[in-house]
Amino acid sequence: MEFSAKQIAQFIGGKIEGDENAKVHTFAKIEEGVPGAISFLANGKYAHYLDDTQSSIVLIDESINLEKAVKPTLIRVKNARDCVAKLLQMYEAAKPKKTGIDKLAFISPKATIGKDVYVGAFAYIGDGVEIGDGCQIYPHAVIGDNVKVGEQCIIYPNTTIYYGCKLGNRVIIHAGTVIGSDGFGFAPNVETGQYDKIPQIGIVTIEDDVEIGANSCVDRSTMGSTYVRKGVKLDNLVQIAHNTDIGKNTVMSAQVGVAGSTKVGEWCMFGGQVGIAGHIQIGDKVFLGAQSGVPGSLESNQTLIGTPPMQKLPYFKSQAIFQRLPEMYKQLTALQKEVEQLKKKQ
Amino acid sequence: MEFSAKQIAQFIGGKIEGDENAKVHTFAKIEEGVPGAISFLANGKYAHYLDDTQSSIVLIDESINLEKAVKPTLIRVKNARDCVAKLLQMYEAAKPKKTGIDKLAFISPKATIGKDVYVGAFAYIGDGVEIGDGCQIYPHAVIGDNVKVGEQCIIYPNTTIYYGCKLGNRVIIHAGTVIGSDGFGFAPNVETGQYDKIPQIGIVTIEDDVEIGANSCVDRSTMGSTYVRKGVKLDNLVQIAHNTDIGKNTVMSAQVGVAGSTKVGEWCMFGGQVGIAGHIQIGDKVFLGAQSGVPGSLESNQTLIGTPPMQKLPYFKSQAIFQRLPEMYKQLTALQKEVEQLKKKQ
Amino acid sequence: MEFSAKQIAQFIGGKIEGDENAKVHTFAKIEEGVPGAISFLANGKYAHYLDDTQSSIVLIDESINLEKAVKPTLIRVKNARDCVAKLLQMYEAAKPKKTGIDKLAFISPKATIGKDVYVGAFAYIGDGVEIGDGCQIYPHAVIGDNVKVGEQCIIYPNTTIYYGCKLGNRVIIHAGTVIGSDGFGFAPNVETGQYDKIPQIGIVTIEDDVEIGANSCVDRSTMGSTYVRKGVKLDNLVQIAHNTDIGKNTVMSAQVGVAGSTKVGEWCMFGGQVGIAGHIQIGDKVFLGAQSGVPGSLESNQTLIGTPPMQKLPYFKSQAIFQRLPEMYKQLTALQKEVEQLKKKQ
């Protein structure tokens, strides 16, 4: 696939400065540019990279003023970052997709496989499974009995989807992720002096357009279902406990953990390593800074950070003073002595 | 499987209010009830769900008073939550188990497989492995050379048990979990200017009745064994480092990490994302709140939270004052000025 | 393999006290010693173990004085810990290696496999893959299309290496780890009211002598490459986001997370559960205590802990005062009242 500056400018609605016949076949960061690559520049601070880059074409924000001519062909656009995303999507869509059912795959005779489905070698598809049209099931994916997978899903290698779980359309599950493992439920048994397992007979429901990163976990519910709603995006190593409900379009960074029976609203964003307690409610559009710890329910429309979470500015102030606590302690002690002196003198 | 209210009431020792012939074949949360389902109500606060639930039978605590008649058949019991756990166990036990050795499994001719064992397609069982009676080895489990697995264990898909490790009876390992990967041991080598690997030639020993969640890790010891003692329950994404010893019936929530050579006592409970330093001792019955960080040894019989861990009440107080630190700082500064004034006036 | 005290003393340059013909064939911790095992003692505090140990030989630091004769043969060395590491390496090197290509492996006809390579059953090696000499690819490893693996690498079971990634020589990847999953990149789309995926068309480059623990994740970059430089050691459950660059010989403990586009210097050491923000720079030789949270760039040559990270001593002081905050608050309030009194009396 090779494209000219002219073709690209037309596609994204940009204005060319330089050779409209410059051709590219790949992408590169501007500082790692190579001939035949297209790069982008969205921040004037990095304009100096234009002097040295070997990239043939650079998408650049209209608003960036350059003081001298540069070697690459420029395509001026309103928002270079958005345009490059668009081009990446086009490039990705044009890549050849894996097709066909590998003869080393295991597909239960009781499973139903849609049209144009790829199933890689050593993939395992259990009894009663339904795989929708256009799905790509990579090698070593394990799809347990009676799992329903919608259309156009991508299930990467070494994933495990336990029996009975349901995936919507266009769901992407990255390698190593586990959907539907038993929720963590045990009850101490006084007679035997150990824990009894509480069976987890529910499922996990993952709605349309969800993407889950690598080595994450979503546990099946005790009964009913754990829900990951439409458009949710989870990063790697995220833990979603049983009986939770993660609202539409909510985004969680890596290593976040949500404990059991908690309901998270829509359009939330959680930074890395955030921990959410069980049995609470998080409203819509709650933005939590990295490593926040949330012990109780939170109202909608807040940007918070810390443990427990606070508004950002007071949090940073408290943090700054935390660093000066020893000094503050000394000042307080000194003051106590002075007041003692003053009292004596009266 | 279908059961009548009468049969269930007899099994759990409850008292029926309503139609003793009401029949159920599944479970549902009371707020998601469907005809043919049994639900439970253990908290009077949610009694209003009884007005609308479609469930045919509801297990309900004796102590909950209802103001009017309700549609579902009620079974009155001392503790509805415990009874539903009992019923779930009965339901689970009655589910048909996978059986037989799939012809697509790899079993070393030097392995020994007990009676009534299930080995799924693409499971890998290495040389010298011993699998006890009644085990279920799911597709894509990898059991390394010379691993010993006791009786009635369940090893879910995409797990890896490295060579030489030992599992007791009734051990459950969820998908993606890794037992026996190399402990993290390196020594800087001044001559080569890089790290030398310290080989980890020990094993992991997992005793009876342990359950480990999905995508967790237990590292093999440098020499000897890492121990996970009888009845331990670990949630998902938990890290147990090499040379540790996790005491009987200790429970760890998701994303907890225990560093190397630490000994954890019996009947401890750690909340999510807790971190325990290496080379320390945690006593018995130590309960740690979520995200606690434990830099040093802890005595038995304590409920603590924070970093370093404190008693709960003082911790919450300190946390509350942390939020008011900027105000407190201002007050202190104001006070200093006032005292200065007072001193001048004397 | 059996070795005499004499052979071992010669190999490591030690001095024998006791029977030079004592023979050993394995290693044991001194407190778990068995006949035929060699143990070590590097800390005089534990010298009492010498009275009871069943080990046949004990490596012991020259500097440790013993008050009475002991049963095992002693080998006196400068640094017993280093010597045991050396012996473990010798022992490990002598272990027979797995060899040959299992007939149940899938190897694309378009892949190139070096000499003396082991490929286990159900390993998957895609189109265009190159595997260097002496590599060990364990069962259930998935090596995606066009991945390049250098020489003498070990890829453990259930790992996934996505298409196009590059591994140097002597790289070790433990079970369940995922290299090259998509970076976490989404852009809100105002028209559709959901997130658009930003395709991640870059790769991951892992240089020579890197070891990565179990169930860790290294994401592929948006374009260009995510870099894990020579000699880096990552523990289990570590998250390395897209577009990052992890400097030579840097070591990260379990459950550390590094967010996107961050550059980490050389010879850093991060304790467990540390979180590093995105788009920042960490200098060389930065040592971070466990659970530290790093919101901004850090200069080289620092030992820090906390969130945000501070020098160790002030941090521990601030932490200690945090615990006394309620008391301090009371003192401040009392002082305010006293000053008020003093002012009135004037």
Side-chain angles (χ1 to χ4, degrees), chain A residues 26-29 32 37 39 81-82 84-85 88-89 91-93 102 104 120-122 138-140 156-158 172 174-176 209 211 213-215 230-231 233 235-237 248-249 251 253-255 271-273 289-291 319 322-326 328-329 332-333 335-336 339 342-343 346, chain C residues 106 122 124 126 140 142 144 158-160 162 176-178 181-182 184-187 193-202 215-217 219 222-224 237 239 241 243 255 257 259 273 275 277 291 293 295 307-308 310 314-315 317-318 320-322 324-325 328 331-332 335 338-339 342 345:
Chain A
T26 189
F27 293 80
K29 292 187 212 171
E32 297 176 351
S39 297
R81 194 180 293 276
D82 282 3
V84 84
L88 283 167
Q89 284 156 8
Y91 179 87
E92 190 74 4
D102 196 286
L104 293 178
F122 308 130
Y138 275 75
H140 287 264
Y156 281 105
N158 287 319
I172 301 175
H174 280 281
D209 301 304
E211 179 161 349
N215 283 341
K230 187 172 190 303
K233 313 294 179 189
D235 200 349
N236 303 334
L237 295 164
K248 276 185 201 173
N249 295 307
V251 171
S253 299
Q255 297 174 319
Q273 299 182 336
Q291 292 189 327
Q319 235 184 15
F322 173 84
Q323 303 200 359
R324 276 182 279 166
L325 275 183
M328 201 169 148
Y329 189 77
L332 181 65
T333 312
L335 213 51
Q336 281 178 318
V339 169
L342 284 168
K343 279 162 70 181
Q346 280 194 319
Chain C
F106 171 89
F122 308 128
Y124 176 93
H140 287 264
V142 174
N158 287 319
T159 45
T160 304
Y162 278 60
T177 281
V178 176
S181 43
D182 285 353
F184 197 59
F186 301 92
Q194 56 181 47
Y195 285 100
D196 285 347
K197 179 174 176 69
I198 299 172
Q200 307 288 312
I201 68 163
N215 283 342
S216 286
C217 301
D219 275 356
T222 313
M223 47 186 83
L237 296 163
Q239 153 72 356
N243 313 324
Q255 297 173 319
Q273 299 182 334
Q291 291 189 327
T307 305
M310 303 167 56
Y315 173 73
K317 276 189 190 164
S318 283
I321 295 172
F322 173 85
R324 275 183 280 164
L325 275 183
M328 202 171 148
Q331 290 171 342
L332 181 65
L335 213 51
E338 288 185 53
V339 169
L342 285 169
K345 282 180 188 167

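Every chain is numbered from 1, with letters handed out A, B, ... down the list of sequences.
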Exercise. Which atoms of A/Gln336 come close to chain C, meaning under 4.5 Å heavy atom to heavy atom: side chain ones, backbone ones, both, or neither?
Worked result: both
Exercise. How far does CE of A/Met328 sit from OG of C/Ser318, to the nearest 0.5 angstrom?
Worked result: 11.0 Å
Seminar exercise, completed: Honestly, the part of C/Pro308 sitting under 4.5 Å from a heavy atom of chain A is both
Problem set entry | Pairwise distance CZ(C/Phe322) to OH(A/Tyr329) - rounded to 0.5 angstrom | 15.5 Å
Exercise. Could you walk me through whether A/Phe27 and C/Thr222 pass the side-chain contact (heavy atoms from CB on, under 4.5 Å) check?
Worked result: CA-CA 9 Å; A/Phe27 293 80; C/Thr222 313; over 6 Å; no
Exercise. Roughly how far, to the nearest 0.5 Å, is the NZ atom of C/Lys345 from the CG atom of A/Leu342?
Worked result: 11.5 Å
Seminar exercise, completed: Residue from C/Thr307, C/Leu332, C/Val339, C/Ile198 scoring the most non-hydrogen pairs under 4.5 Å with chain A is C/Thr307
Seminar exercise, completed: For C/Lys317 and A/Pro326 the tightest heavy-atom approach is CB-CG, 3.7 Å
Problem set entry | Note, C/Val142 side chain near A/Tyr156 side chain (heavy atom, < 4.5 Å) | no
Problem set entry | Nearest atoms (heavy-atom pairs only) where C/Phe184 meets A/Asp235 | CE1-N, 3.4 Å
For this session: Could you tell me which portion of C/Phe186 (side chain, backbone, both or neither) has an atom closer than 4.5 angstrom to a non-hydrogen atom of chain A?
Result: side chain
For this session: Would you please classify the geometry between the A/His140 ring and the C/Tyr124 ring as parallel, tilted or perpendicular, with 30° and 60° separating the classes?
Result: perpendicular
Exercise. With only heavy atoms counted, which part of A/Tyr138 is less than 4.5 Å from chain C, the side chain, the backbone, both or neither?
Worked result: neither
Seminar exercise, completed: On a heavy-atom basis, the closest approach of A/Ala214 and C/Ser181 is CB-OG, 3.7 Å
Exercise. Would a distance-only check, ignoring hydrogens and angles, find a side-chain to backbone donor-acceptor pair under 3.5 Å from C/Tyr162 to A/Ala175?
Worked result: yes
Exercise. Under a 4.5 Å heavy-atom cut-off, does chain A meet the side chain of C/Ile201, its backbone, both or neither?
Worked result: side chain
For this session: Report the residue from C/Lys197, C/Met223, C/Gln200 that forms a side-chain contact (heavy atoms from CB on, under 4.5 Å) with A/Leu88.
Result: C/Met223
Seminar exercise, completed: In this structure, CG of A/Leu325 is separated from CZ of C/Arg324 (nearest 0.5 Å) by 10.5 Å
Exercise. Side-chain contact, heavy-atom cut-off 4.5 Å: A/His174 with C/Val178?
Worked result: no
Exercise. Backbone N or O of C/Gln239 within a donor-acceptor pair of the A/Asn236 side chain at under 3.5 Å?
Worked result: no
Seminar exercise, completed: Per-residue tally against chain C (heavy atom, under 4.5 Å) across A/Glu92, A/Glu32, A/Lys29, A/Gln323 peaks at A/Gln323
Exercise. Which bit of A/Phe122 comes within less than 4.5 Å of chain C, counting heavy atoms only: side chain, backbone, both or neither?
Worked result: side chain
Exercise. Would you say A/Asn158's side chain and C/Thr159's backbone share a donor-acceptor pair under 3.5 angstrom?
Worked result: yes
For this session: Taking all heavy atoms of C/Asn215 and all of A/Leu237, pick out the closest pair and write down the distance.
Result: O-CD2, 3.5 Å
For this session: With a 4.5 angstrom heavy-atom cut-off, could you sort out which part of A/Ala290 is near chain C: side chain, backbone, both or neither?
Result: neither
For this session: Check whether A/Lys230 gets within reach of chain C through its side chain, its backbone, both or neither, counting any heavy atom under 4.5 Å.
Result: side chain
For this session: Using non-hydrogen atoms and a 4.5 Å limit, figure out which bit of A/Asp82 sits close to chain C: side chain, backbone, both or neither.
Result: neither
Exercise. If you tally heavy-atom pairs under 4.5 Å against chain A, which of C/Met310, C/Gln291, C/Gln273 wins?
Worked result: C/Met310
